[in-house]
Amino acid sequence: MFWADKIAADAQGSAIVVNDSKTPSGRVHVGSVRGVIIHDTIYRALKQAGKPVKFTYGVDDYDALDTVPHYLDQEKFAPYLGEPLCNVPSPGPEAEDYAKYFMGEFLDVFADLGVRPDIYYLRDFYRSGQMNPYIDKFLQNAHLVRQSYKEVSKADRPDNWYPFQAICEKCRKIATTKVTDYKDGKIFYTCDRNATDYTQGCGYSGWMSPMDGNGKLPWKVEWVAKWELVGVTIELAGKDHSQKGGSRDVANSICRKVLRKNPPYHAPYEFILVNGTKMSSSKGVGSSAKDMAALLPPELLRFLMLRTPPKTVINFSPNYETITRLFRDYDGLVARYGKAIAENDGKPPELSDDWMSLYYSQIEDEIVPYQPFDFSTLISLLQLPHLDINSEVDSRSGGALSEEDWEIARQRIAVAQKWLDDYADEEDKLVLYMDSIPDKAEDLKPEQVQYLQALLENLQGVDTWDGETLQTTLFSTAKQLELKMPIAFQSVYRSFLNKDRGPKAGPLLSYLNAEMVRDRIEAVIALNAA
């Protein structure tokens with residue numbers, strides 16, 4: 001059973017609430033999309049199972065600004081370090097404050113991906129007084145909260161530590177305050193000058209009410225309060241929060257000790273890495289969710305997250321190999337599904353595990369087969385100015401394209417062009433030498449010259465000048481000479497691209513006039529014989 005369907009099958013209750021959340025500390029990286037898609041898929045699986053379910057998404061905008069992202073004006077935002085994100089000015093006119101600015105970008109991605117949760121902001125919960133009962137509950141039971149920290153994570157809090165972060169009445173910072181007493185509905189706090197290493201407290205101290213937005217619960221405690229207030233029954237967490245003795249374990253313990261309730265269902269999910277490095281929105285590592293949503297069609301971005309089980313790391317980088325494989329794998333599944341329909345008298349096959357990652361990648365909960373066009377071929381065709389891209393797609397497709405096929409093809413053309421403009425490395429780009437012989441073609445090994453001689457002879461017998469036929473000819477010629485493929489193909493790339501490697505060589509030659517290809521190979525042979 002697909003992992004989300006298994007969770008849905010096991011879920012019980014008359015009011016199931018799936019929840020996820022994010023602190024909008026900066027531009028949201030694509031790694032955060034994994035949690036969004038995982039929770040959305042669980043929500044969809046529950047709906048498909050006919051169970052009563054609601055999907056909520058929280059914005060933790062009462063957290064402190066703890067670093068200024070490198071892409072923002074350091075001088076402008078540094079004075080706001082330590083203040084709640086919702087109190088920091090917006091980087092742009094699109095929003096009224098910092099938190100809504102960056103969350104707005106992320107919510108645009110939600111819309112593209114067909115994710116439609118009920119959104120709530122922590123500022124509203126605190127300022128409206130909805131969090132007041134929980135603030136009082138946890139302050140009254142501070143000793144139990146301290147016990148959870150000590151027993152679960154070995155963090156020893158002093159007897160005068162209280163689970164609350166006040167907003168300093170003097171400097172407005174929330175990251176620097178420490179609460180050491182709670183009586184008669186008021187807290188005593190100090191704005192510690194040395195509380196953090198990224199901003200300094202002002203030293204003020206005094207009594208005030210903790211209610212109605214005057215501060216917040218520490219996030220592990222706040223997590224528990226959100227579960228109760230929102231009614232959360234299912235919430236997964238990333239691997240970093242799910243380690244033994246980690247944040248989720250602490251929150252679970254607090255939930256049991258203070259609220260005397262079982263915490264929501266939980267399972268960990270792994271990171272998305274960029275070349276082995278965990279993505280970070282504050283450090284600017286990796287591609288942003290906004291950028292990836294602008295590059296990949298929504299179904300492909302969902303598929304990227306869903307084809308790998310949640311407990312397995314995704315190592316993602318928008319390079320040529322990764323992007324072309326993603327499209328190839330997705331198109332292959334769609335083609336298999338279309339074949340299954342044909343073999344089932346035109347009826348959709350039963351949605352077995354084989355199809356579920358594809359099914360949950362769809363925006364409208366329906367797999368619609370289409371005639372795919374190879375994405376790597378599009379990347380190559382777009383770099384050949386002597387060709388008309390639409391004519392080439394039309395002539396190279398396996399059959400007549402429907403309007404739906406053309407819609408997807410045009411979408412893929414746009415994606416390929418954007419990838420070339422914004423992501424392609426120089427070595428991934430084609431520069432075809434149409435009118436002159438490349439320098440690297442003048443320095444071929446004897447066995448490579450011999451390969452070109454045999455290839456030239458074999459090309460004379462090629463009747464159909466298409467990529468598949470030419471690829472077969474290239475391979476069979478190398479086998480005929482018992483020459484290793486990389487050495488053989490290098491001679492072709494050097495002759496036409498001035499590179500040692502390149503795209504699939506058969507399709508590459510098929511983009512060129514047959515006579516031009518034969519003339520070039522003959523000229524390279526002559527040049528190396530001189």
Side-chain angles (χ1 to χ4, degrees), residues 17 19-25 32 35 39 56-66 82 84-85 120-123 125-126 130-167 174-180 182 187 189 192 195-196 210 214-269 282:
V17 177
N19 185 72
D20 192 16
S21 62
K22 177 65 181 171
T23 299
S25 56
S32 294
H39 286 91
T56 59
Y57 197 93
V59 183
D60 297 340
D61 58 345
Y62 239 42
D63 290 356
L65 177 68
D66 58 9
L85 293 167
Y120 61 89
Y121 289 79
L122 265 293
R123 73 176 82 181
F125 281 1
Y126 280 110
Q130 293 179 76
M131 290 290 272
N132 288 354
Y134 304 101
I135 292 170
D136 180 65
K137 183 84 169 178
F138 290 115
L139 286 173
Q140 293 283 7
N141 292 278
H143 62 292
L144 297 178
V145 177
R146 291 193 289 264
Q147 282 180 22
S148 290
Y149 276 98
K150 186 171 184 177
E151 292 170 5
V152 177
S153 64
K154 312 305 179 189
D156 201 356
R157 299 286 194 271
D159 291 342
N160 66 345
W161 178 88
Y162 284 78
F164 194 76
Q165 296 170 270
I167 298 175
I174 198 171
T176 53
T177 57
K178 294 182 178 179
V179 175
T180 52
Y182 179 56
I187 54 167
Y189 74 95
D192 190 343
T196 73
N214 286 334
K216 70 184 291 292
L217 297 165
W219 79 270
K220 294 171 192 174
V221 184
E222 180 181 80
W223 206 355
V224 180
K226 284 195 296 181
W227 291 341
E228 181 74 0
L229 181 57
V230 179
V232 179
T233 57
I234 297 175
E235 182 169 355
L236 280 62
K239 178 184 176 182
D240 49 347
H241 298 316
S242 304
Q243 303 281 8
K244 182 177 174 56
S247 306
R248 181 60 189 248
D249 280 355
V250 173
N252 288 349
S253 175
I254 293 171
C255 187
R256 293 187 179 102
K257 280 183 182 290
V258 181
L259 300 185
R260 300 186 180 277
K261 294 184 177 181
N262 287 325
Y265 171 84
H266 165 250
Y269 55 87
S282 60

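Excluded from the calculations below are hydrogen atoms, water molecules and symmetry mates; all remaining heavy atoms, backbone and side chain alike, are included. In this chain, numbering begins with 1 at the start of the sequence shown.
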If you round to the nearest 0.5 Å, how far is [atom2] of [Y] from [atom1] of [X]?
X	Y	atom1	atom2	value
Glu235	Trp223	CD	CH2	6.0 Å
Leu65	Thr23	CG	OG1	11.5 Å
Lys150	Asp156	NZ	CG	4.0 Å
Asp63	Lys216	CG	NZ	4.5 Å

Does any non-hydrogen side-chain atom of [Y] lie less than 4.5 Å from one of [X]?
X	Y	value
Lys226	Leu229	no
Tyr149	Pro163	no
Val224	Leu259	yes
Lys22	Asp60	no
Val145	Val221	yes

Under the 3.5 angstrom rule, does the side chain of [X] hit a backbone N or O of [Y] as a donor-acceptor pair?
X	Y	answer
Ser21	Tyr57	no
Asp61	Leu122	yes
Ser242	Ala237	yes
Ser253	Asp249	no
Asp136	Asn132	no
Arg146	Trp161	yes
His39	Asn19	yes

Would you say the side chains of [X] and [Y] form a donor-acceptor pair under 3.5 Å?
X	Y	answer
Asp192	Thr176	no
Arg248	Asn252	yes
Asn214	Tyr189	no

| message | Angle between ring planes, Tyr126 versus Tyr62, binned at 30° and 60°: parallel, tilted or perpendicular? | response | parallel
| query | Is the Tyr120 to Phe125 ring centre distance short of 6.0 Å? | reply | yes
| note | When every non-hydrogen atom of Ala64 is compared with those of Ile174, the smallest separation belongs to CB-CG2, 3.7 Å
| field | Shortest non-hydrogen contact from Pro84 toward Ile167 | value | CG-CD1, 3.9 Å
| task | Just grab all the salt bridge (charged side-chain N to carboxylate O under 4.0 Å, His left out) pairs involving residues 257-269, residues at least two apart or on different chains. | result | Glu151-Lys257, Glu228-Lys261
